[in-house]
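Any value given below was found using the heavy atoms of this structure, including those in side chains, with hydrogens, waters and symmetry copies removed.
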Amino acid sequence: MEINCTTNRNLAEGTGDDVEALAEATGDDVEEKGSRKKHRWLAGKIEKMDEEERKKTNQAASNSSRKDGSKPKYYAKNLVPDENGNPIQVPSNWCHQCRRRDRGRTVQCQKCSSKRYCEPCMTRWYPNMTEEMFAECCPFCRDNCNCIACLRNVNPKGKEKIDFRPNDDQKVQYSMYILHVLFPILKCLNEEHIKEKTTESIIQGSSLSDIQLKDANCSLDERINCNCCKTSIFDLHRSCPSCHYDLCLQCCFELRDGNLQGNKEEVIIEYRDPGLKYLHGKNACYVETAAEDPAPKEKQTHDWKSLDDGRIPCPPESMGGCGGGILELMHIKPLDTVSRLLNEAQELLKMHKPEDMREILEQHCSCSDFVKESNGGDEQLRKAASRENSNDNYLYCPRAIDIKLGDLKHFQWHWSKGEPVIVSNVLETTLGLSWEPMVMWRAFRQLKSTKNAAINCLDWCEVDINIHNFFAWYTDGQYDNEGWPKILKLKAWPISNLFEDGLPRHGVEFITSLPFKEYTHPRDGYLNLAVKLPEKSLKPHMGPKTYIAYGVHQELGRGDSVTKLHCDMADVVNVLTHTATVTPSSDHCTRINYLKMLHKVQDQKKLLGVVGENKEGTPGSCVDGSDSDLEEGGALWDVFRREDTPKLEEYLKKHFKEFRHAFCLPLQQVIHPIHDQTFYLTMDHKRKLKEEFGIEAWSFVQKLGDAVFIPAGCAHQVRNLKQSCIKVALEFVSPENVGECIRLTEDFRLLPQNHWAKEDKLEVKKIVFHAVEAAVKDLKFVANGNPQKDLGLVEKGTIPSTPTQKHKLPKKVQGAKWELQIDRDTTCSHHVDNEENGYEVNNEESGGSIKRSRTSKERDYSPHSNLETPNSGGSTVHPPTSGDASKMKGKAKVSQSSSSPNEIVAELRAMRVTRDNEVELMRKRLDLEQKREERKNKKMYHMHLNALLMKEHLSPEDEDIKRRLLAMLCG
């Protein structure tokens with residue numbers, strides 16, 4: 001369009017003829033437009049042509065500047081008159097941060113020449129950057145701009161930084177490691193299935209291979225929980241055909257043994273609000289009333305028992321059932337999936353067997369040398385305890401920027417022993433995005449929910465609070481009507497799975513900061529078993545989650561910013577991303593000291609009045625929890641060893657009346673000392689714990705930028721020191737701690753029905769199954785080298801059989817040594833045979849025998865603690881010495897060689913012949929075992945039939961069973 005700006009302005013002052021001329025030039029019809037519409041239309045056309053003219057001018061300037069090598073210039077949208085009144089173009093003064101051009105002087109980035117930041121935005125949102133840094137490289141070019149547009153947009157560069165997909169060699173190494181660790185656990189699950197199928201075969205009067213089971217028709221996005229103990233169900237279970245009451249296998253075992261544990265009655269503990277004055281020691285009139293023991297509740301008795309033949313009737317209506325009908329055995333996975341997967345894993349373990357590398361594994365950790373020499377000079381060690389005759393007082397504490405590929409083994413050495421790990425300065429590895437609370441609020445504020453529930457650390461009650469106000473008080477502080485600091489804790493914000501949706505840039509920043517991503521990456525961490533669940537399945541919420549809590553410079557003693565003693569359902573990594581010091585004024589300090597004195601008097605009167613007379617005259621309370629020796633800010637962590645948990649629980653049950661919780665009232669009752677999350681041990685209580693029971697926690701301060709790894713099963717508590725803190729946490733499931741996760745699930749199922757931690761949200765058994773399945777698939781995928789091949793592990797309708805296909809790994813993989821030891825005496829209470837040809841699964845479904853060394857009441861899924869995997873950089877070869885030969889006797893060995901291609905072909909042929917012979921031998925062995933099992937079943941059927949024939953009167957059900965047994969035995 002050949003119309004310049006001057007012509008446009010002349011047209012704006014012209015007559016209707018000019019408008020028609022412009023319409024003719026632009027090709028628009030304006031004959032039917034009114035006068036006002038004509039002028040409105042004309043103004044729009046002029047503005048549009050001005051914009052196009054400026055774009056052409058900018059483009060021409062850009063092209064001309066690029067020819068001489070200079071940066072392109074960007075001009076403001078509106079023309080500005082010069083000293084003569086002529087409109088001219090001026091460079092843009094538009095701030096990228098606030099999207100305004102009226103806030104004074106701006107600094108242009110010399111790197112991109114397009115972004116500018118005004119002085120107010122630089123001062124407020126980037127306090128750690130100077131103007132010279134803005135001019136050299138602006139935040140947009142540094143990928144840490146915190147304007148609203150950039151906070152809600154993750155550019156491709158940011159996505160590349162969190163891409164952590166392992167290569168094929170790493171997949172093979174990690175998959176073999178997962179199989180070695182999870183094989184005993186999967187075997188335990190398979191034996192549970194076989195035990196229930198054996199009972200079902202007796203009920204149906206058929207052999208084990210001929211039993212008929214119904215499909216539960218459960219989709220991937222559904223979760224089935226046991227109606228009795230709230231434990232998740234991943235495959236076999238019993239269900240009522242009428243009311244769909246579901247019962248897990250463990251409850252079935254306990255019910256037949258007459259010792260059902262998972263249906264404990266609800267426990268209701270009522271607290272009366274004594275008012276704000278009682279919180280500060282002034283009004284104690286409600287303490288005695290609230291502390292009175294409630295009237296004993298009559299325990300309900302349910303007549304729910306299994307039948308003599310093993311059948312389980314539906315429970316009565318008072319327990320959630322219908323009281324009629326028989327629970328039927330149903331399956332969710334395709335039939336015999338667990339057994340078939342176990343066979344697949346067994347075959348791969350035969351080909352790649354672990355070696356006894358205990359001594360070599362310990363050599364990867366140099367920390368023991370410093371501990372033995374009592375030398376604390378190692379920069380990678382941090383003293384966290386002073387236990388006598390203990391070698392775990394120091395914790396592994398590497399610096400994030402110093403971590404190398406080989407340090408993964410060092411981490412695994414400490415991690416497999418159940419020790420916390422601290423990685424310092426992880427924020428140095430990120431792009432530097434701000435974790436200021438107002439920056440996070442700006443990034444999240446456009447979502448619908450503006451209110452959230454916060455916890456008041458004084459009375460431990462929830463309060464609804466506006467998110468903007470919460471973040472504003474984070475740095476300024478807030479006080480109640482008595483002048484006491486109001487310590488609020490915003491837990492797990494944003495709610496649900498909104499962290500990466502509402503805070504996408506912060507999500508990328510957090511994942512970038514995580515060390516040892518093989519374990520911690522929420523999507524690509526190959527050793528994070530939680531990512532193995534199918535894509536469309538209902539997954540547990542593992543994070544990231546933010547934990548934001550206030551703090552003040554002065555320690556309070558009551559109402560401090562703490563996270564009480566608890567145990568997470570899985571492993572967790574916690575990063576301290578931001579701290580802010582809040583210092584009360586002198587008047588507030590005076591008021592706080594006065595109220596602390598009232599608190600102490602109240603505790604001496606009420607708590608000692610409950611506990612009894614103190615002979616030594618010292619208050620047995622949690623009044624003054626200050627740590628005078630801790631001058632640095634951050635967060636104080638107390639992590640207890642797993643083996644100390646029983647003594648810790650015993651101490652808390654003994655002294656529970658010395659602790660306060662809801663409405664700051666003394667505790668009335670303890671259901672579970674750790675899972676209740678009602679205790680925080682102050683320095684006084686930690687000293688008494690060591691004196692009475694001889695146990696001590698790992699205590700350390702988490703500083704800004706520290707990532708703390710806490711293994712599953714370790715009880716821990718946290719307190720903010722002097723500062724408000726923002727922590728971001730992520731849960732993951734490591735192979736080493738799967739056994740602890742299962743044990744925690746067993747603890748949860750024994751809690752009362754109304755306990756907040758009763759429901760099994762992790763579904764660790766389902767995770768184990770899918771982790772083994774994924775490892776087997778990846779091993780076969782790499783071995784076959786055929787991406788189009790479907791492995792079909794869980795295909796419906798297939799008959800379980802001994803695998804006959806020969807899956808071989810590439811030469812370089814077969815030659816790698818797996819530095820891993822599994823102690824078959826301590827790996828699992830179920831015995832795992834280690835014969836000359838490797839692992840043997842005694843699978844009754846395939847004709848084998850079952851060797852059981854536990855009852856349904858005693859369960860141990862713990863893998864051996866001393867486990868290791870090759871590092872991410874490839875397999876490490878340690879040639880055995882002559883002294884190692886005797887130690888490796890009876891163990892499988894895989895050695896590296898540098899054979900020629902002909903020798904490799906000959907070796908493969910020999911392996912194939914040996915493999916065929918082994919398969920044929922196994923088939924014969926299975927046939928023999930199957931005949932033995934049939935004889936065993938016939939003997940059991942005879943015994944059951946004789947028992948029925950000895951009865952004088954038989955019920956219709958017994959008559960039916962007798963007819964079926966006679967038909968089976970006598971034809």
Side-chain angles (χ1 to χ4, degrees), residues 182-203 208-209 211 213 216 218 224-239 246-257 259-262 306 310-312 327-343 345-346 738-739 741-750 760 762-773 794 800 827-833 841-846 848-863 933:
L182 300 187
F183 181 85
I185 300 176
L186 186 66
K187 188 171 185 289
C188 293
L189 300 180
N190 185 56
E191 289 187 357
E192 289 179 355
H193 287 190
I194 293 176
K195 180 179 178 180
E196 190 63 21
K197 287 182 180 179
T198 303
T199 303
E200 183 67 20
S201 67
I202 297 176
I203 295 174
L208 190 62
S209 58
I211 60 174
L213 304 182
C218 178
I224 298 182
N225 281 39
C226 175
N227 291 103
C228 181
C229 68
K230 301 295 188 294
T231 301
S232 63
I233 298 171
F234 84 99
D235 194 7
L236 289 186
H237 65 285
R238 292 193 174 270
S239 181
D246 298 316
L247 194 68
C248 68
L249 296 187
Q250 186 61 26
C251 286
C252 293
F253 301 152
E254 294 176 353
L255 190 62
R256 294 191 185 102
D257 294 338
N259 186 27
L260 188 61
Q261 298 289 326
S306 63
R311 291 179 299 166
I312 298 178
L327 301 185
E328 300 176 345
L329 187 61
M330 307 189 75
H331 66 93
I332 299 176
K333 305 290 181 185
L335 283 174
D336 302 327
T337 298
V338 176
S339 299
R340 186 162 57 253
L341 180 62
L342 193 67
N343 288 332
Q346 172 194 355
V738 167
C741 295
I742 294 180
R743 259 195 289 273
L744 284 172
T745 302
E746 294 296 326
D747 288 345
F748 295 154
R749 70 180 295 273
L750 300 180
D760 175 23
L762 183 60
E763 299 184 278
V764 63
K765 294 182 180 179
K766 181 191 291 187
I767 290 176
V768 169
F769 171 81
H770 286 289
V772 175
E773 182 186 34
V794 293
T827 296
C828 184
S829 59
H830 298 270
H831 184 70
V832 182
D833 295 329
V841 180
N842 296 318
N843 189 344
E844 188 172 15
E845 293 188 22
S846 58
S849 60
I850 304 178
K851 297 182 181 180
R852 305 187 66 82
S853 60
R854 66 165 178 87
T855 64
S856 61
K857 301 177 185 177
E858 298 175 353
R859 304 160 62 84
D860 187 5
Y861 293 93
S862 237
E933 189 62 30

Next on the checklist: So, taking the atom named SG in Cys226 and the one named CG in Leu247, what distance separates them when rounded to the nearest 0.5 Å?
Outcome noted: 4.5 Å
Next on the checklist: Quick check: do Lys765 and Leu189 have side-chain heavy atoms less than 4.5 Å from each other?
Outcome noted: yes
Checklist entry - Just by modelled atom types, is the Ser232 backbone N or O under 3.5 Å from a matching donor or acceptor in the Glu763 side chain? => result no
Item to check | Nearest-0.5 Å distance that lies between atom CG in Leu341 and atom CG in Leu186 | outcome: 5.5 Å
Item to check | Check ion pair Glu191-Lys195 (N to O, under 4.0 angstrom) | outcome: no
Next on the checklist: Ring centroids only, cut at 6.0 angstrom: are His193 and Phe769 within range, meaning strictly under it?
Outcome noted: no
Checklist entry - Do you know the tightest heavy-atom contact between Cys251 and Cys229? => result SG-SG, 3.6 Å
Checklist outcome for this item: Tightest non-hydrogen contact, residues Val764 and Cys741, listed as CG2-CB, 3.8 Å
Next on the checklist: Just verifying a value: how many Å separate Ile742 CD1 and Asp747 CG, rounded to the nearest 0.5 Å?
Outcome noted: 12.5 Å
Item to check | Sequence-distant partners of Glu200, side-chain contact (heavy atoms from CB on, under 4.5 Å), two or more places apart | outcome: Ile203, Gln204, Leu213, Arg238, Leu329
Next on the checklist: Run Lys197 and Ile211 through side-chain contact (heavy atoms from CB on, under 4.5 Å) and show every step you take.
Outcome noted: CA-CA 8 Å; Lys197 287 182 180 179; Ile211 60 174; 3.8 Å; yes
Item to check | Smallest separation among heavy atoms of Gly262 and Glu254, with atom names | outcome: N-OE1, 3.9 Å
Item to check | Pairwise side-chain contact, Leu342 with Phe183, heavy-atom cut-off 4.5 Å (strictly under) | outcome: yes
Next on the checklist: For the residue pair Asn190 / Glu192, report whether a side-chain donor-acceptor contact shorter than 3.5 Å exists.
Outcome noted: no
Checklist entry - Is there a donor-acceptor pair closer than 3.5 Å between any side-chain N or O of Thr198 and the backbone N or O of Ile194? => result yes
Checklist entry - Charged N to carboxylate O under 4.0 angstrom, Arg311 versus Glu328? => result no
Checklist entry - Nearest 0.5 Å, what's the CD1-NZ distance between Ile224 and Lys766? => result 8.5 Å
Checklist entry - Of the non-hydrogen atoms in Ile233 and Ile332, which two are nearest, and what is the gap between them? => result O-CD1, 3.9 Å
Next on the checklist: Donor-acceptor pair, distance only, cut-off 3.5 Å: does the side chain of Ser339 make one with the backbone of Asp336?
Outcome noted: no
Checklist entry - Considering only heavy atoms from C-beta outward, does the side chain of Met330 approach that of His237 to under 4.5 Å? => result yes
Checklist entry - Is the backbone N or O of Thr231 less than 3.5 Å from a side-chain atom of Asn225, with the two atoms forming a donor-acceptor pair by type? => result no
Checklist entry - Rounded to the nearest 0.5 Å, how far does CG of Asn259 lie from CZ of Phe253? => result 14.5 Å
Next on the checklist: Under a 3.5 Å distance rule, please check whether His770 uses its side chain to pair with a backbone N or O of Val768 as donor and acceptor.
Outcome noted: no
Checklist entry - Can you name the residues that form a side-chain contact (heavy atoms from CB on, under 4.5 Å) with Leu255, not counting sequence neighbours? => result Leu260, Trp304, Ile312
Item to check | Residue pair Thr745, Leu762: steps toward the side-chain contact (heavy atoms from CB on, under 4.5 Å) verdict | outcome: CA-CA 8 Å; Thr745 302; Leu762 183 60; 5.6 Å; no
Checklist outcome for this item: Sorted by chain and residue number, the side-chain contact (heavy atoms from CB on, under 4.5 Å) partners of Asn227 (sequence neighbours excluded) come out as Tyr245, Asp246
